[in-house]
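Note sheet for the following structure.
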Amino acid sequence: MGTPRLPEKRWSIDLEKKIQAEHYADESAYQRRYGFKPDSGKPIFVIDTPPPYPSGTWHIGAVAQYSMIDVLARSQRLLGHEVYFPWGVDRNGINIEFTVEKDTKRKMKTYDREEFLNLCRTTIETFTQAMRKTAARVGLSCDFAAEYLTDAPDYRSVTQSIFIELFKKGDIVEDLRPNIYDPVEGTTIADAEVERIQRTTKLVDVRWLTDDGDELIISTTRPELICACGVVVVHPEDERYQHLVGKQAILPIPVDGRKQSVEIQTHPSVKSEFGSGILMVCSFGDQNDVAVFRELGLTPFQAIDLNGCMTSISGPLEGMSVRDARVKAIEILESENNIASIEERQQEVPVSERGKNPVEIILLKEWYVRQTHIQDTMLKLIEEIEFHPPRNKQFLLDWMDNISIDWPISRRRWYHTEIPIWYSEDEEYIIVPPAGTYVQPWKDAPPEGSRILKRDTREDIGAYVDHHEMMGNIRGEEKVFDTWMDSSNSNLFVSGYLKQPEVFKKAFPTALRPQGKEIVRTWLYYTLLKSCLLLEKPGFKHVWIDGLGMDPWGRKMSKSLGNGIDADSVLECGAGGRTGSWKIRGPDGSVSLKANKIGSECFRLWKACEAQVGDDFHINPEEIESKYFGVLTKIFNVARFASQFDCPTSEPQTPYPIEDRWIQSEFSEMMTEVETAWKNLDIYTATQSLKTFGTGILPSHWLEMAKSRLYDGDAHAAWTIHQILRKFLAAFSPICPFFCHHISMTLYDESSVDVHAFPSLPPLDATLNAKTSDIESFNSEVWKTKKEKGLSLNAEIEGIEIPPTLEEFRKTLTRMHKLL
RNA sequence: GGGUCUGUGGUCUAGGGGUUUAUGACGUCGCCCUUACAAGGCGAAGAUCGAGGGUUCAAUUCCCUCCGGACCCA
């Protein structure tokens with residue numbers, strides 16, 4: 001016994017930062033601790049972490065999710081796995097292009113391509129730096145030395161190689177199909193990138209005539225597309241219009257280079273109650289038009305060009321933007337008295353997720369990943385994956401249910417992975433680079449080892465060097481890939497695909513995919529699709545889908561609501577004595593929140609305790625502090641108390657007193673739960689168990705019983721407290737690594753983060769565990785009685801009977817409560 | 001408009017067809033500086049488990065409708 005070896009009176013943010021700084025300072029020590037060593041002989045556990053997209057600030061909800069991924073990584077290390085916890089940064093995509101465009105007030109396509117790419121690279125690097133800092137501050141134990149960037153040649157080469165592989169297999173095809181197109185940004189986009197916004201539009205009732213003079217009214221919000229009309233349809237059971245079927249309807253606006261009339265047919269997709277019940281089907285107003293065109297075998301018209309302007313078939317509208325053309329079309333119709341009525345109405349229009357521009361459907365020759373044919377196989381493979389929580393699997397199944405068209409993967413943007421293809425002068429052949437090389441066909445010639453393939457049959461013709469004369473003037477592809485084409489390789493990339501075949505064999509299917517539920521239909525779906533097409537395997541063993549971080553009122557955090565909370569402000573709250581304060585716009589006006597101390601350990605503990613995986617969680621700094629900082633204080637003080645008693649150098653002779661055997665048995669039971677929970681990726685249960693034990697039974701009941709023996713230098717008591725504490729810290733360290741590291745280093749000269757086998761446990765005795773509730777209620781009763789009698793807790797008291805079930809505990813209880 | 005999930009004391013949360021008192025935490029109130037801990041401890045009050053129907057001997061738990069929230073889709 002002596003002075004506590006933990007000198008600080010309590011855990012503090014400054015202490016936390018000091019420990020953290022030491023932890024990260026020595027790079028080789030860090031690497032020894034957290035680097036991925038595939039040859040260690042331990043079972044490999046690869047985590048396919050979501051590479052964050054650097055956009056300036058890292059959303060606190062995402063940081064919270066990420067800290068839980070770290071908990072999973074650390075708990076798997078504790079269970080003896082060789083964990084690869086990669087640190088990747090997703091840097092491809094339209095976001096950074098927008099940022100540069102906004103910063104420089106200049107559109108991408110006015111730049112030289114190389115110059116623009118350099119601007120993007122520099123800008124995204126500054127964002128990336130800030131994110132690395134936050135990652136370290138929240139305690140991530142990623143393999144930072146092996147950082148991967150999705151815009152780096154090594155990553156992009158994998159994307160390109162996979163593209164070529166799938167192309168050769170026939171799973172990627174080139175085709176002229178209707179595509180969703182953002183005319184403002186000048187690129188195709190995927191279904192998954194479309195969102196809908198409410199807008200007021202004019203619903204115009206247009207008067208049409210048939211070839212024999214019948215009048216019909218067609219309601220439309222897109223009169224400018226009359227020139228692209230391929231057919232007029234009515235419902236097959238709509239009795240009002242059956243006499244029109246088979247007649248020709250004359251387009252009420254002049255067109256150029258096409259027939260001025262279309263046939264009237266029936267189609268079941270017509271909603272008879274909408275407008276007049278007669279529908280004009282244009283190429284392409286919406287997805288339904290696409291479906292009808294395909295079904296009726298009609299030849300589509302190209303009404304809108306790549307710049308979003310009307311083409312020559314539109315006659316008087318030619319060259320106008322879609323918006324102007326609409327106004328002009330109404331003018332023309334009005335002047336001919338062909339408008340029956342105009343009504344303003346609310347309508348949902350499809351816009352691009354990134355640019356919020358109304359999208360058009362345009363026929364384009366693009367690259368597609370075939371996906372509709374493989375859904376059944378995918379479903380079967382998904383059966384093998386364990387979902388956490390199981391119910392979130394439904395998000396994926398729902399989305400798969402909706403897959404009806406192939407995935408267009410080419411984009412007309414720049415800061416993305418290039419499509420690795422050159423075309424022969426006659427467009428009959430293509431050149432592809434060898435696997436593992438990154439190419440930029442828009443500026444480079446095909447590298448050594450490139451092959452020539454027949455464009456339509458994919459037949460290998462031979463090496464480019466041997467046959468280049470037959471190719472004529474080759475043209476490099478200028479288009480790039482959808483960013484999901486890159487992201488959906490992440491599990492393959494981190495598991496060693498192409499680069500480390502030996503590792504890949506052991507590491508795939510990737511052990512764990514942790515992610516948020518909002519990107520199930522994109523990231524998760526596309527990744528599973530790739531694994532299925534390429535390897536016919538499920539991509540993962542476990543998929544862990546977390547909920548979203550919400551504001552304190554359960555609303556999504558967003559700029560427009562003004563309810564965001566900056567992650568760094570929470571992590572730094574309390575550092576250097578500075579308090580944190582947040583002004584957040586709530587539903588009833590602004591609310592000020594204040595906290596004195598949070599930091600990474602408390603933040604992580606909060607997220608681990610507060611919500612089960614999959615549940616959305618409210619982020620309120622005040623609550624984080626008040627509910628969870630006290631837990632750290634309590635456990636810290638238990639350790640501080642223990643630290644004044646020396647641990648015996650070897651285990652004392654049995655028998656232990658009954659109360660020691662009891663707490664050991666309790667500890668054993670609790671730790672078994674924790675071990676199971678860690679194995680099940682169940683952070684919540686593990687944390688709750690540890691917290692309840694560490695702040696409840698252990699200090700309130702056992703420590704009070706054992707206290708006087710500890711002061712007397714009793715070896716059994718000292719051995720028990722130190723065994724429990726040391727093992728407790730090991731099991732708790734995935735949640736609060738620096739906290740546990742500090743205590744265990746100080747007391748035991750061994751860091752709990754370096755424990756790589758779940759601790760062995762003392763004997764479990766069910767009959768002793770059964771006494772726990774009796775002990776708790778007896779203690780509670782004594783405390784209550786003393787209180788009622790106005791006695792202090794250390795005062796002597798008489799007249800209290802020890803219940804017969806606790807007869808074995810008579811001695812210790814008498815001493816603990818000073819019973820007379 | 002459709003699908004999926006969700007609604008438990010003031011707040012957050014556990015549980016889940018029936019163990020006479022529905023977890024735990026924060027907050028609230030009261031007491032306590034008792035040789036680890038007042039940035040603590042102990043104790044107390046506080047919920048008919050969103051509303052209304054149904055199934056059942058029995059529902060907070062299952063089903064339906066409605067209301068509110070979230071995510072996704074059209």
Side-chain angles (χ1 to χ4, degrees), chain A residues 1 3-6 8-13 191-192 194-196 271 286-288 348 350 389-399 401-404 516-522 525 545 547-556 574 587 595-597 602 605-606 609-612 614-620 622-645 684-685 687-689 691-692 695-696 698-700 703-704 707-708 710-711 721 725 779-796 816-818:
Chain A
M1 183 182 162
T3 48
R5 276 189 286 152
L6 280 171
E8 302 86 3
K9 256 198 127 178
R10 59 184 68 87
W11 184 249
S12 70
I13 310 307
D191 227 13
V194 177
E195 65 174 43
R196 275 152 196 278
K271 288 185 202 125
D286 57 32
Q287 291 291 357
N288 186 53
E348 283 192 334
R391 65 176 141 85
N392 277 2
K393 182 181 183 176
Q394 200 57 41
F395 292 125
L396 178 66
L397 299 180
D398 286 350
W399 173 245
D401 242 12
N402 285 319
I403 300 286
S404 60
K517 64 182 177 189
E518 75 283 9
I519 48 175
V520 167
R521 66 187 174 135
T522 48
Y525 171 74
I545 302 175
L548 271 33
M550 306 294 212
D551 79 359
W553 300 272
R555 304 170 309 171
K556 197 173 174 172
N596 295 316
K597 56 206 180 301
C602 183
L605 178 62
W606 157 76
C609 269
E610 188 75 359
Q612 302 238 38
D615 290 345
D616 294 342
F617 48 97
H618 300 181
I619 303 174
N620 182 341
E622 272 183 8
E623 234 169 60
I624 297 177
E625 179 188 25
S626 64
K627 290 174 78 161
Y628 297 102
F629 206 89
V631 175
L632 294 179
T633 307
K634 187 71 184 172
I635 295 172
F636 190 87
N637 272 303
V638 170
R640 184 165 182 269
F641 175 66
S643 77
Q644 62 188 307
F645 308 105
Y684 182 86
T685 305
T687 313
Q688 289 288 341
S689 305
K691 181 182 137 206
T692 308
T695 60
L698 180 71
S700 299
L703 223 48
E704 292 300 329
K707 205 188 243 174
S708 44
L710 284 165
Y711 284 123
I721 181 71
L725 181 59
N779 288 340
S780 194
E781 197 193 315
V782 177
W783 287 325
K784 199 172 160 182
T785 312
K786 284 191 175 177
K787 192 176 145 63
E788 277 163 4
K789 295 194 172 176
L791 297 168
S792 76
L793 290 183
N794 67 341
E796 297 180 335
M816 168 180 172
H817 293 296
K818 300 195 170 141

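Lettering of chains follows the sequences in order, A, B, ..., and the numbering in each one begins at 1.
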Next item on the list: Would you tell me if any nitrogen or oxygen in the side chain of A:Gln612 comes within less than 4.0 Å of OP1 or OP2 on B:G15?
Entry: yes

Notebook entry, point to check: Looking at B:G3, B:C71, B:G43, which one has an atom nearest to any side-chain atom of A:Lys784?
Noted result: B:G43

Next item on the list: Look at A:Lys9 and B:A38 and indicate whether a side-chain polar atom (N or O) is within less than 4.0 Å of OP1 or OP2.
Entry: yes

Notebook entry, point to check: Can A:Glu704 and A:Lys707 be counted as an ion pair, charged N to O under 4.0 angstrom?
Noted result: yes

Margin query: With a 3.5 Å limit on both atom pairs, tell me what B:U11 is paired to, counting Watson-Crick and G-U wobble, or say none.
Written below: B:A25

Notebook entry, point to check: Can you find a side chain N or O atom of A:Ser700 that sits less than 4.0 Å from OP1 or OP2 on B:C42?
Noted result: yes

Notebook entry, point to check: Taking OP1 and OP2 of B:C72, is either one under 4.0 Å from a side-chain nitrogen or oxygen of A:Lys517?
Noted result: no

Margin query: It should be established whether A:Ser780 places a side-chain nitrogen or oxygen under 4.0 Å from OP1 or OP2 of nucleotide B:G43.
Written below: yes

Note to self: With hydrogens left out and only the distance checked, is there a donor-acceptor pair under 3.5 Å joining A:Lys627's side chain and the base of B:C12?
What the structure shows: yes

Next item on the list: Determine the contact category for A:Glu625: base if any of its heavy atoms lies under 4.0 Å from a base atom, sugar-phosphate if only primed atoms, P, OP1 or OP2 are that close, otherwise nothing.
Entry: nothing

Margin query: Which label fits A:Phe617 and A:Trp606: parallel for a plane angle under 30°, tilted from 30 to 60°, or perpendicular past 60°?
Written below: perpendicular

Notebook entry, point to check: Side chain of A:Lys634, base of B:C37: donor and acceptor closer than 3.5 Å?
Noted result: yes

